[in-house]
Protein chains: 2
Amino acid sequence: MLSGLYAFPLTPLDEQQLHLGAFTQIISQLSAAKIDGICVAGSTGSYAYLNREERALLVKLAVEAAQGTPVMVGIGANRQRDVLQHLYDAQHAGASSVLLAPLSYQPLSDREVFGLYETVSQASSVPVCVYVNPRTTHFDFSDELLTQIARLPNIASIKLPGIAAEQCEANRVAQYWRGLLPERVTLGVSGDAHAWAAIAGGFDIWYSVLAGLYPAISQALFRSAQAETEEINRQLEPVWQLFRQHGSLRVVAAMAHLAGITPCDGLPRPLQPVADNVLTDIQAVMALLRW
Amino acid sequence: MLSGLYAFPLTPLDEQQLHLGAFTQIISQLSAAKIDGICVAGSTGSYAYLNREERALLVKLAVEAAQGTPVMVGIGANRQRDVLQHLYDAQHAGASSVLLAPLSYQPLSDREVFGLYETVSQASSVPVCVYVNPRTTHFDFSDELLTQIARLPNIASIKLPGIAAEQCEANRVAQYWRGLLPERVTLGVSGDAHAWAAIAGGFDIWYSVLAGLYPAISQALFRSAQAETEEINRQLEPVWQLFRQHGSLRVVAAMAHLAGITPCDGLPRPLQPVADNVLTDIQAVMALLRW
């Protein structure tokens, strides 16, 4: 059952190498924080910029450092052949589940996306999470297609982008999907700014960028959403604003560098770090995140 | 000087392998047809679905089979590190020029795209063509950004998507860009349906999908555009319609299979071949392409 709080850690890297010491330290701290799960090589882990060897190595190190905390692995790639290789590598290294977005270069039809999930769900021996992320994949799932995919074997969760800013609206969305999806498929939210509303509104799992760096305050936010008290979420509004303005990856990469957790800006070129004046804003909100 | 008719051949492949015999045969025929240039691993060559080893091998075989015909090579990738590796491999194998689109997973800023072209143009010892393709890259160049990039060293051509269906409008677009770009940067059109109008309107180079499979009729169309006689273009309208409906890659892949040039549908999964009733339509228009 994929539920609770899943953290999406960075993959510390520069143009020459992966910083594996920093990576395993991040994973160890997430495990020590007793997070519900860790997703390695998610969007925040820059999976789309890493080759097969790098991705396989990250999963291997993460499973070791996680010490029993379930590890989910992003297996997306433009080519289905590569997706299946990433799936194989992830399973071989002991991943507990996998995360798959329909990446593409040529725009994909519904039939092609269904075929991809059909093939992968059959090949997988671990639960598969369907990653809906139109901002990066430029693929829009229709409700009908997502429902068809959710009925495939091994599909265990749907990771939806933040769509509802208010608890009541999130509850409406949750009810809608509960009526369409098999019971075993959990409802997940990404887009940290919308996590409180989604969890308070009845979603099962928060796929969290912030938790990859700040597990304690993310756990507190998750519990406060379950208890339907909104104070922490209000306090974090400046963080969500920065995420909206600059993208959560660029912001947490800057935070990790400022905090001395990573030895460099950590973004794969052509991605570039935020400008110096934004760094000042980021440093200011980091005080909110100590817990 | 990048000008004339450049052909974009398919990369025949299935989920198990590249079909190298079919590939070199296609290249040899393009060379025998005395095409102005051959772009290996372009969009039609499925570059975004191939790994480094496959792309390097294709360039090596293409340069050999091209027997002196200039070979351009698609070097795009999500990560700049990989772009530079593809550039290195292409130059090492004897490529005459390279083609670069700003691929991304995380949406790119103008500053990031400029940084990519700046880095690559400095690293390149061959001419670089800027590949504008919002349909696959989801990046929209502003006119200002494209102009700035065109002024970088080694930038030799701009490959624009087909934007003008009429000669007079294409001529207006050509005049506009001539006023902005350095003289050494040639104006290229892709989107075969718009090639006649663009060439008749004063563009320098047709980056052609159709020529990858049918060089003779493409050369005839190119010459007819220079002579401003439109008959061949009108005859080919059913081909352009199929390209618009199903994407040029899926259509030429089906044509190559129907003609016995490739031993399989040739599309990297999750891409799937067109439906059987579309195959019948494609077979019907292939009679138009004998020349």
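Below, chains carry the letters A, B, ... as their sequence lines are ordered, and counting in each starts from 1.
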Answer yes or no: is there an ion pair linking E54(B) with R81(A), defined by an N-O contact shorter than 4.0 Å? yes
Residues R111(B) and E118(B) bridged, charged N to O under 4.0 Å: no
Comparing E112(A), R269(A), R135(A), Q80(A) against chain B, the one with the most heavy-atom pairs below 4.5 Å turns out to be E112(A)
Would you indicate whether the side-chain heavy atoms of L99(A) and F8(A) approach each other to under 4.5 Å? yes
Measure distances from L249(A) to the heavy atoms of chain B and classify the residue's part below 4.5 Å as side chain, backbone, both or neither. side chain
Any side-chain donor-acceptor pair under 3.5 Å between T11(B) and Y49(B)? no
For L267(A), which atoms come within 4.5 Å of any heavy atom of chain B: side chain, backbone, both, or neither? neither
Heavy-atom proximity to chain B below 4.5 Å, by part of S43(A): both
Counting heavy atoms not belonging to Y88(A), are there more than 12 under 6.0 Å from its OH? no
Among R250(A), E15(A), Q106(A), residue most engaged with chain B (heavy-atom pairs, under 4.5 Å): Q106(A)
Would you mind telling me which of L87(B), L84(B), L152(B) makes a side-chain contact (heavy atoms from CB on, under 4.5 Å) with T119(B)? L84(B)
Mind ranking L116(B), L108(B), L271(B) by heavy-atom pairs under 4.5 Å with chain A and telling me who comes out on top? L271(B)
Is it the backbone or the side chain of N51(B) that comes under 4.5 Å from a heavy atom of chain A, or both, or neither? both
